[in-house]
Amino acid sequence: MLRSLAMGATAFGVVLGIGALGAAAGALAAPSLAARYGPGPMMLAALAITPLTQIPLLLASPGLVWQFAIGGALFLQLACAAAAGTTQRTIRQVVTADGMQARMQAVSTWLTSVARPVAALLAGGLGTWIGVRPTLVAGACLLLVPLVVLYRSPLRSLLDMPGSPAVASPSAEAATPPTPSGPTVPHPAVAVDVRHDRSLEGGP
């Protein structure tokens, strides 16, 4: 945008700010959209729209009109990404048992953190080798991968948030007395004194 489209520093900052507003709007709208359309269809629609938002950037040329087009496309792209990302993180946390939450989040963060520098290195290398626009085209095509993965998974037809897995409460287990496994031993019979008082019978 700065070199190929001759965008000024102020316009560049405004475009990025508009994109940040889109991310905030998508995250805030995610719960209501998921409740109305279902988490699966909503995420599927968001992932389908995301590659299309790259079109203005691929066709852009220097000019104010294209700056507005890129800003609007970035707003929509980050709104879709935030809505889909917020929903899938919610599903992931709901279906994960409490004792595995930290491990699940650690694995997710590790995978994301490893992928970003690799993607940045690949993008820089391709941009230098084949040019900026062909690299952007390749990136737009890669945005179809999450869409295909979600479409081929059972999540595409998920219309309601799944319930969290039932986990036995330690306090409830402690409050329940253990059931004896061996045979039950009856209490000893209480001896009943049936002797008659001889003094009442008039005996010696």
Side-chain angles (χ1 to χ4, degrees), residues 1 10-60 64-116 119-120 136-137 139-169:
M1 288 190 284
T10 301
F12 180 72
V14 171
V15 168
L16 294 184
I18 292 174
L21 292 177
L28 293 174
S32 59
L33 291 175
R36 181 172 182 178
Y37 300 105
M42 188 272 285
M43 289 190 296
L44 198 62
L47 293 178
I49 294 172
T50 300
L52 300 178
T53 59
Q54 292 291 98
I55 294 177
L57 187 60
L58 298 176
L59 302 178
L64 185 61
V65 175
W66 283 110
Q67 292 177 6
F68 280 109
I70 292 173
L74 186 59
F75 179 94
L76 183 58
Q77 178 184 2
L78 294 185
C80 291
T86 300
T87 304
Q88 64 95 0
R89 288 185 183 92
T90 302
I91 295 174
R92 194 171 60 202
Q93 291 177 352
V94 167
V95 300
T96 302
D98 292 342
M100 298 294 293
Q101 289 284 345
R103 296 183 185 182
M104 176 272 296
Q105 188 60 39
V107 171
S108 174
T109 302
W110 183 83
L111 290 174
T112 305
S113 301
V114 169
R116 285 176 178 172
L136 290 175
V137 172
C141 293
L142 287 176
L143 290 175
L144 296 173
V145 174
L147 175 63
V148 174
V149 171
L150 181 63
Y151 182 78
R152 294 176 61 86
S153 74
L155 287 177
R156 67 175 182 177
S157 58
L158 184 65
L159 299 180
D160 297 298
M161 281 293 180
S164 57
V167 179
S169 174

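Predicted, not measured: the structure shown is a model, and the values here were computed from it. We're numbering straight along the sequence, starting at 1.
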**OP:** Evaluate the side-chain proximity of Ile91 to Val94: yes if any heavy-atom separation is below 4.5 Å, no if none is.
**Re:**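 Val94 does not reach Ile91 side chain to side chain.
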Once you round to the nearest 0.5 Å, how far does [atom1] of [X] lie from [atom2] of [Y]?
X	Y	atom1	atom2	answer
Thr96	Gln105	OG1	CD	9.5 Å
Ile18	Phe68	CD1	CZ	7.5 Å
Leu74	Gln54	CG	CD	9.0 Å
Arg156	Leu47	CZ	CG	14.0 Å

Looking at every heavy atom in both [X] and [Y], which two are closest together, and how far apart are they?
X	Y	value
Val95	Pro162	CG1-CG, 3.6 Å
Leu21	Phe75	C-CE1, 3.7 Å
Ala60	Ile70	CB-CD1, 3.8 Å
Pro56	Ala69	CB-O, 4.1 Å
Met1	Leu57	CG-CD1, 4.2 Å

Subject >> Donor-acceptor contact below 3.5 Å, side chain Thr53 vs main chain Thr50 >> reply: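 Pair found, side chain donor or acceptor close to backbone of Thr50.
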Subject >> Criterion side-chain contact (heavy atoms from CB on, under 4.5 Å) on Ile55 and Leu52, from CA distance to verdict >> reply: CA-CA 6 Å; Ile55 294 177; Leu52 300 178; 4.2 Å; yes
Original post:
Who passes side chain to side chain donor-acceptor pair (under 3.5 Å) against Ser108, sequence neighbours left out?
Top reply: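 Per chain and number, Ser108 pairs via side chain to side chain donor-acceptor pair (under 3.5 Å) with Arg92.
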**OP:** Decide side-chain contact (heavy atoms from CB on, under 4.5 Å) for Gln93 and Met104; before the verdict, give the C-alpha distance in whole Å, the side-chain angles of both, and the deciding distance to 0.1 Å.
**Re:** CA-CA 8 Å; Gln93 291 177 352; Met104 176 272 296; 3.9 Å; yes
Could you tabulate the donor-acceptor pairs under 3.5 Å formed by side-chain atoms of residues 80-88, not counting sequence neighbours?
residue, atom, partner, partner atom, Å
Thr86, OG1, Ala82, O, 2.7
Thr87, OG1, Ala83, O, 2.8

Using a 3.5 Å cut-off and no angle test, enumerate the donor-acceptor pairs between side-chain atoms of residues 24-37 and protein atoms at least two apart in sequence or in another chain.
residue, atom, partner, partner atom, Å
Ser32, OG, Ala29, O, 3.0

